Amino acid sequence: MKVTIVGAGAVGASCAEYIAIKNFASEVVVLDIKEGFAEGKAMDLMQTASLMGFDTKITGITNDYSKTAGSHVAVITSGIPRKPGMTREELIGINAGIVKTVAANLIEHSPNVILIVVSNPMDTMTYLVHKSTDLPKNRIIGMGGALDSARFKYRLAEAMEAPISDIDGMVIGGHSDTGMVPLTAHATRNSIKVSEFLSEERLNQVAEDTKVGGATLTKLLGTSAWYAPGAAVSSMVQAIACDQKKMFPCSAYLEGEYNLEDICIGVPVLLGKNGLEKIVNIELTAAEKAKMQESAEGVRKTNDLLEL
Ligand SMILES: NC(=O)c1ccc[n+]([C@@H]2O[C@H](COP(=O)([O-])OP(=O)(O)OC[C@H]3O[C@@H](n4cnc5c(N)ncnc54)[C@H](O)[C@@H]3O)[C@@H](O)[C@H]2O)c1
Ligand SMILES: O=C(O)C[C@H](O)C(=O)O
């Protein structure tokens, strides 16, 4: 299994590191436009192999897509991250051009590739890849919900003073400060609804903290986060590589599901060897349905800025 990661920056390198440590891929190619940067990151990571006990071969490449040929999965992390005070949507001007070109280059050299889009504004970048390529919809997947759900579980565990492994929960909707829909009514601790342990007010606070999870970290770090994003991508790549049929909320192209059409937005899906193998339809509460529609309106406004 060969995996390519475009963008050897914070998220791309973290993603390569977690994939290698999990030891399920034979080869990870990291490609960046900055001369020597990916080569340096790959060499540094390879020098952890004997210490961390992995056999995955990590190669760094400066902008030569012929070296990505035959990739099963490719992750697009190229583009600029936001700075404190910015929204993800403000990145569209620079990142749209980068994502479109990168996707075309990847597909030219790996026609059967499954693409995972990470660059922000992610739902709109995923939509752009749908509109600008001929790939079928099962081979274009946006990463946002897996990360947002991990942050939701972190916040729930914190509120309940519980170990995170006791918690289950999911965030759907757009990957934006206002568009995320944390499914508080469905979240559980050891299969008991979290509302049994937390007041409505505390649960609302957990949801709000989850939605601004990326902005909170951006303020603390001066740039956006990378460890949890890299880990989230690595789990999705693993689900595809190992044909796990595992459920993640991912940005998927919808054609009527959740009453939405011609949009990419976070919904529960199953990931396996064919990429996005199924969109899972779950029954939402009336409030969740309304939030999902509102979230979609926000994503559409950003999509409207694309020059398609
Ligand atoms: N979807 C998510 O949940 C999520 C999470 C974290 C970050 N992100 C997004 O991921 C992107 C990357 O974030 P980061 O922190 O790694 O940024 P970064 O600046 O650390 O890395 C980006 C890398 O992309 C490279 N690059 C730029 N243009 C390129 C091109 N045309 N071809 C190849 N490489 C190119 C840069 O040289 C740089 O090394 C940002 O847009 C950020 O907002 C999304
Ligand atoms: O917050 C960001 O801009 C990066 C990413 O989307 C995140 O949620 O960490």
Side-chain angles (χ1 to χ4, degrees), residues 4-17 29-42 60-65 67-68 74-106 115-126 128-129 141-152 154 171 173-180 209-236 248-251 264-266:
T4 287
I5 299 169
V6 181
V11 177
S14 163
C15 181
E17 182 179 9
V29 173
V30 186
L31 181 148
D32 203 284
I33 201 166
K34 218 189 295 175
E35 188 71 42
F37 190 57
E39 287 84 341
K41 287 279 182 112
I61 305 293
T62 302
N63 223 24
D64 177 2
Y65 282 84
K67 302 287 190 329
T68 70
V75 182
I76 303 179
T77 73
S78 45
I80 55 164
R82 63 174 158 166
K83 296 250 179 292
M86 288 174 76
T87 65
R88 297 176 180 88
E89 290 71 22
E90 286 174 68
L91 305 174
I92 190 172
I94 294 180
N95 287 355
I98 294 175
V99 169
K100 189 173 171 183
T101 310
V102 166
N105 286 336
L106 286 167
L115 293 180
I116 298 182
V117 181
V118 179
S119 310
N120 274 315
M122 182 278 297
D123 296 291
T124 295
M125 293 302 101
T126 308
L128 172 63
V129 174
I141 309 162
M143 190 292 284
L147 169 65
D148 302 331
S149 302
R151 289 180 175 153
F152 184 37
Y154 163 80
V171 178
H175 179 63
S176 72
D177 297 340
T178 52
M180 287 176 210
D209 289 345
T210 301
K211 286 162 72 177
V212 295
T216 303
L217 284 160
T218 302
K219 195 170 165 204
L220 290 168
L221 297 166
T223 184
S224 55
W226 55 89
Y227 294 119
V233 177
S234 75
S235 295
M236 289 167 59
F248 295 89
C250 294
S251 193
C264 290
I265 193 165

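Numbering of residues begins at 1 and proceeds along the displayed sequence. In listed order, ligands and their atoms are each counted from 1. Keep in mind that this is a model prediction, so the values were computed, not measured.
Looking at Thr223 against ligand 1, nothing comes within 4.0 Å, counting heavy atoms. At a heavy-atom cutoff of 4.0 Å, ligand 1 is contacted by no atom of Trp226, backbone or side chain. Residue contacts with ligand 1 for Ala232 are absent, since no atom lies close enough (heavy atoms, distance under 4.0 Å). Both the backbone and the side chain of Met143 come within contact range of ligand 1, each with a heavy atom under 4.0 Å. Counting heavy atoms closer than 4.0 Å to ligand 1, residue Pro229 contributes side-chain atoms (C-beta onward) but none from N, CA, C or O.
Looking only at heavy atoms of the protein, atom 37 (O) of ligand 1 is closest to Asp32 OD1, 2.6 Å. The nearest protein atom to atom 32 (N) of ligand 1, hydrogens excluded, is given as Ile33 CB, 3.8 Å; this is a heavy-atom distance. Nearest to atom 21 (O) of ligand 1 among the protein's heavy atoms is Gly9 CA, 3.2 Å. Taking atom 10 (O) of ligand 1 as the reference point, the nearest protein heavy-atom neighbour is Ser119 CA, 3.8 Å. Among protein heavy atoms, atom 44 (C) of ligand 1 sits closest to Val118 O, 2.9 Å. At the shortest separation from atom 35 (C) of ligand 1 among protein heavy atoms lies Ser78 CB, 3.5 Å. Nearest protein heavy-atom neighbour of atom 27 (C) of ligand 1: Gly79 N, 3.7 Å. Val11 CG2, 3.6 Å is the protein heavy atom nearest to atom 7 (C) of ligand 1.
Closest approach of Val11 and Ala225 over heavy atoms only: CG2-O, 3.7 Å. Counting all heavy atoms, side chain and backbone alike, Leu147 lies closest to Pro229 at CD1-N, 3.6 Å.
Numbered from 1 in the order shown, with element, the atoms of ligand 1 that lie under 4.0 Å from a heavy atom of Asn95 read 41 (O). In summary, the atoms of ligand 1 found under 4.0 Å from a heavy atom of Met122, numbered by their order in the structure, are 1 (N). Numbered from 1 in the order shown, with element, the atoms of ligand 1 that lie under 4.0 Å from a heavy atom of Asn120 read 4 (C), 8 (N), 9 (C), 41 (O), 42 (C), 43 (O), 44 (C). Of all atoms in ligand 1, numbered sequentially from 1 with element shown, those under 4.0 Å from a heavy atom of Leu91 are 43 (O). Residue contact check: Ile98 has heavy atoms under 4.0 Å from atoms 28 (N), 29 (C), 30 (C), 31 (N) of ligand 1. Less than 4.0 angstrom separates some heavy atom of Val6 from each of these atoms of ligand 1: 33 (C). In the vicinity of Phe37, heavy-atom distances shorter than 4.0 Å reach the ligand 1 atoms 39 (O). Taking every heavy atom of Lys34 and a limit of under 4.0 angstrom, the matching atoms of ligand 1 come to 37 (O).
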Report the C-alpha distance between Met86 and Leu91 in whole Å, list the side-chain angles of each, state the deciding distance to 0.1 Å, and finish with yes or no for side-chain contact (heavy atoms from CB on, under 4.5 Å). CA-CA 9 Å; Met86 288 174 76; Leu91 305 174; 3.6 Å; yes

Begin from the C-alpha positions of Met143 and Thr126 and carry the test side-chain contact (heavy atoms from CB on, under 4.5 Å) through to its verdict. CA-CA 9 Å; Met143 190 292 284; Thr126 308; over 6 Å; no

Which pairs of nitrogen or oxygen atoms, taken one from ligand 2 and one from the protein, are under 3.5 angstrom apart?
unit_1   : atom_1 : unit_2 : atom_2 : d
ligand 2 : 1 (O)  : Arg82  : NE     : 3.2
ligand 2 : 1 (O)  : Arg82  : NH2    : 2.8
ligand 2 : 1 (O)  : Arg88  : NH2    : 3.4
ligand 2 : 3 (O)  : Arg82  : NE     : 2.5
ligand 2 : 6 (O)  : Arg88  : NE     : 2.7
ligand 2 : 6 (O)  : Asn120 : ND2    : 2.9
ligand 2 : 6 (O)  : His175 : NE2    : 2.6
ligand 2 : 8 (O)  : Arg88  : NH2    : 2.8
ligand 2 : 8 (O)  : Arg151 : NH1    : 2.7
ligand 2 : 8 (O)  : His175 : NE2    : 3.3
ligand 2 : 9 (O)  : Arg151 : NH1    : 3.3
ligand 2 : 9 (O)  : Arg151 : NH2    : 2.8

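Residues Glu89 and Thr124 form no side-chain contact, since every pair of their non-hydrogen atoms from C-beta on lies 4.5 Å or further apart. Counting heavy atoms from C-beta outward, Val171 and Arg151 have side chains that stay 4.5 Å or more apart. Contact of the Val118 side chain with the Val75 side chain is registered, since non-hydrogen atoms from C-beta on lie closer than 4.5 Å. By the 4.5 Å heavy-atom criterion applied to side chains, Phe248 and Ile141 are not counted as neighbours. The side-chain heavy atoms of Asn95 and Met125, taken from C-beta on, include a pair separated by under 4.5 Å. Between Met236 and Cys250 the shortest side-chain heavy-atom distance falls below 4.5 Å.
Of the candidates Leu221, Val30, Ile80, Thr101, it is Ile80 that places a heavy atom closest to atom 41 (O) of ligand 1. Among Thr77, Ile5, Leu31, Val102, the residue whose heavy atom sits closest to atom 12 (C) of ligand 1 is Thr77.
A side chain to side chain contact (heavy atoms under 4.5 Å, CB included) with Leu31 is found for exactly one of Ile61, Thr62, Asp64, Leu106, namely Ile61.
In this structure, Asp32 contributes its side chain and Ala8 its backbone to a donor-acceptor pair below 3.5 Å. In terms of modelled atom types and a separation under 3.5 Å, the side chain of Ser119 and the main chain of Gly79 share no donor-acceptor contact. Not one N or O on the side chain of Asp148 forms a donor-acceptor pair closer than 3.5 Å with the backbone of Lys211. At distances below 3.5 Å, not a single donor-acceptor pair connects side-chain atoms of Thr4 with backbone N or O atoms of Ala74.
For Arg88, the salt bridge (Lys or Arg N to Asp or Glu O under 4.0 Å) criterion is met by Asp177, not counting sequence neighbours.
Counted within 6.0 Å of CD1 on Ile94, heavy atoms from surrounding residues, nucleotides or ligands total 12 or fewer; the atom is thus considered open. Taking a 6.0 Å sphere around NZ of Lys41, one finds it holds more than 12 heavy atoms contributed by other residues, nucleotides or ligands.
Here's the thing with Gly144: none of its N/O atoms is less than 3.5 angstrom from an N/O atom of ligand 1. On a distance-only criterion, His175 and ligand 1 share at least one N/O pair closer than 3.5 Å.
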